[in-house]
2 protein chains.
Amino acid sequence: MSTPRKRPRQQRSKETVAAILEAAAQLFGRHGYTATTTNRVAERAGVSIGSLYQYFPNKDALLTALAEEHLAEAVQVLDQALDACARERPDLPGLVSGLVGAVAELHTGRPRLHRLLFDQAPRVPELVARLRAIERRAAAGLAAELRRLGRGGDDPELAALLAVQGVEAQIHGAVVDPPPGRSAAACLAAVAALWTRALDVPAR
Amino acid sequence: MSTPRKRPRQQRSKETVAAILEAAAQLFGRHGYTATTTNRVAERAGVSIGSLYQYFPNKDALLTALAEEHLAEAVQVLDQALDACARERPDLPGLVSGLVGAVAELHTGRPRLHRLLFDQAPRVPELVARLRAIERRAAAGLAAELRRLGRGGDDPELAALLAVQGVEAQIHGAVVDPPPGRSAAACLAAVAALWTRALDVPAR
DNA sequence: ACCGAAAACTGAGGATAGCTCGCATTATGG
DNA sequence: CCATAATGCGAGCTATCCTCAGTTTTCGGT
C-alpha cells in the first residue's frame, strides 16, 4: 500500500524521488492534501507523472513517505535522549527536562514540515499506528528510568505512557498556539516542573 | 467552503441530512476517508447523490459537519461540568476527577466517531481554532477553580491550560489504544491521581 | 569502445470518483 | 385547489488518479 513500488538504485533516480518529495511537501503545505494533484506534484518536481508512480504506488504514499522521514528523525532524537539518560543517570528533574527538551526539539527543528504532517498526515490510519508505536517506545524507555529512580507509583509503565502523551500534546500546543504573555522557555519550564511533581511518587 | 449550501427547512430534509451524516460516519469509520466515495455515502443513506450535494458543497464538508456536531457536544459537556463545580465547590481531587470524567465522557460517548474525527478530520484552520477556543474556555474555568482552592503554582492559568491539553491527549490515547492489562477505570484513576499531584502546589 | 540488459523516464489515455444541472416529485400556505 | 417553494433525483460531465507500452539513459562485462 505505502511501500515504494520500486527502489531507486541509481543516483539519478534518487534525485528524482527527492525532487518529488520536496515538491509534494511544498504543494501539500501550500494548498492542502486534497487540493494538490499528483500531476502538479510531478510537474513541479520536473518529472513525468509516470516517474512519480514508479516510486509511489498512490497519492497517500507521498504523505506517508514524508511522515516516515519525520518519524525516523523522531525515533533518532528520542533514542539519543534515552542513551544520554543511560549514560548520565540523571535525577528525576533532569530526566523530565531531558524528555521535554527532546520533544521540543522535534517540534522546533523543522516546524513547517512538522506542522504540515500533523495537519494532514493523520488521514492515513497506518501513520496513526506508527505514531502510537513510537509513543510506546519512548514510554518504555522512560519507564525503565523511572524504575531505576524508584519513582512512578504503582504502575511506572502507565505513568510513563501518560507522561509521553501529555508532554507531546502540551509542547505541540505551546508551539502552535503559544499562550500570550509567556515565553517559550517559560512554558517548557512549566511543563517540566509539572511532570516532575506528577511523577515524583515512590514505586510500590 | 464548509458551510452547508442549503439549510434543510422541512422535517423531511432534516431526516435526509441526518441519514447522510450517519452514513458518512459509518463509512468513513469503516473504510477511511479516501476510500469512501460520496456515491456510496448517498447510497447507504438511501438518497440520491444529487440530494447529498444539495446540503454539502463537497466531500470535506461531510467530515467538517461531523466535527462541528462533536465540538458542540463537547462545549455542552464541559460547561455542564464547570457548572457542577461552581455549585459543589469540590476539593482538588474532586475538581480533577470532574474534569477527567467530563473529558472521558466526550470520548466514550461515541468512541468510533471520536476516533474518526480526531484521526481524519481535515485540520481546517477554522476547526483548529474552534478546538483551541474550547480548550481555552475549559482552561479558564479550571483556573478559576484552582484560584479558589489556592492551588496551581505561580501561573494557575498556564497550569490549567497544560492540564486540559494533557488530559485530552491521555484520555484519547486510553480510548483509542488502551494499554493492555489495565481497565479503563484504572487509566482514568491514574490520570486523575497524576494531575492531582501535578496541580497540588500553592499559588504564589 | 562497444553491446546487451537493466534501470529510469515518458505522456497519452483508461478508469473512476467528485460533482452539476435540468427536471420530477412532494410539501406549504393563501 | 392552485401557485410557489422546497426537496429529491440520477445520467453524465469533468477532473483526477493511475497504467502501460514504448523510449532513453545508465551499467557491467568484454
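Each chain gets a letter, A, B and so on, in the order its sequence line appears, and its residues count up from 1.
Thr36(B) places no side-chain N or O within donor-acceptor distance of the main-chain N or O of His31(B), the cut-off being under 3.5 Å. Of the possible polar contacts, one joining the Ser97(B) side chain to the Pro93(B) backbone as a donor-acceptor pair under 3.5 Å is found. A donor-acceptor pair is defined here as one N or O able to donate and one able to accept, closer than 3.5 Å; no such pair exists between the side chain of Ser13(B) and the backbone of Thr16(B). A donor-acceptor pair under 3.5 Å links the side-chain atoms of Tyr33(A) to the main chain of Asp60(A), judged by distance alone. The backbone N or O of Pro180(A) lies less than 3.5 Å from a partner atom in the side chain of Arg182(A), making a donor-acceptor pair.
Here side-chain hydrogen bond (donor to acceptor under 3.5 Å, both in side chains) pairs that include residues 189-201 of chain A, with residues two or more places apart or in two chains, are Arg151(A)-Asp200(A), Gln170(A)-Trp195(A). Under the ring-ring contact (aromatic ring centres under 6.0 Å, His included) criterion, the residue pairs touching residues 160-188 of chain A are His107(A)-His172(A), His114(A)-His172(A), Phe118(A)-His172(A), with sequence neighbours excluded.
For DNA chain D, the neighbouring residues in residues 9-31 of chain A, judged by any heavy atom under 4.0 Å, are Gln10(A), Arg12(A).
Classification of Glu157(B) and Arg147(B) as a salt-bridged pair holds, one side-chain N sitting under 4.0 Å from a carboxylate O. Between Glu15(A) and Arg12(A) there is no salt bridge, since no side-chain N of the basic residue sits under 4.0 Å from a carboxylate O of the acidic one.
Residues Leu113(B) and Phe28(B) have side chains not in contact (no heavy-atom distance under 4.5 Å, counting atoms from C-beta outward). The shortest distance between side-chain heavy atoms of Asp79(A) and Arg137(A) falls below 4.5 Å.
A nucleotide of DNA chain C counts as in contact with chain A when one of its atoms lies under 4.0 Å from a heavy atom; the first and last such, 5' to 3', are dA7(C) to dA12(C).
Rounded to an integer number of Å, the gap from Leu52(B) CG to dC9(D) P is 11 Å.
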With 3.5 Å as the limit, what N/O pairs link the protein to nucleotides 1-4 of chain D?
none

Every protein N/O within reach of nucleotides 15-17 of chain D N/O, cut-off under 3.5 Å:
from    : atom 1 : to       : atom 2 : distance (Å)
dC17(D) : OP1    : Thr36(A) : O      : 3.4
dC17(D) : OP1    : Lys59(A) : NZ     : 3.0
dC17(D) : OP2    : Thr38(A) : N      : 2.9
dC17(D) : OP2    : Thr38(A) : OG1    : 3.1

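For the residue pair Gln80(A)/Gln76(A), the side-chain donor-acceptor check at 3.5 Å is not satisfied.
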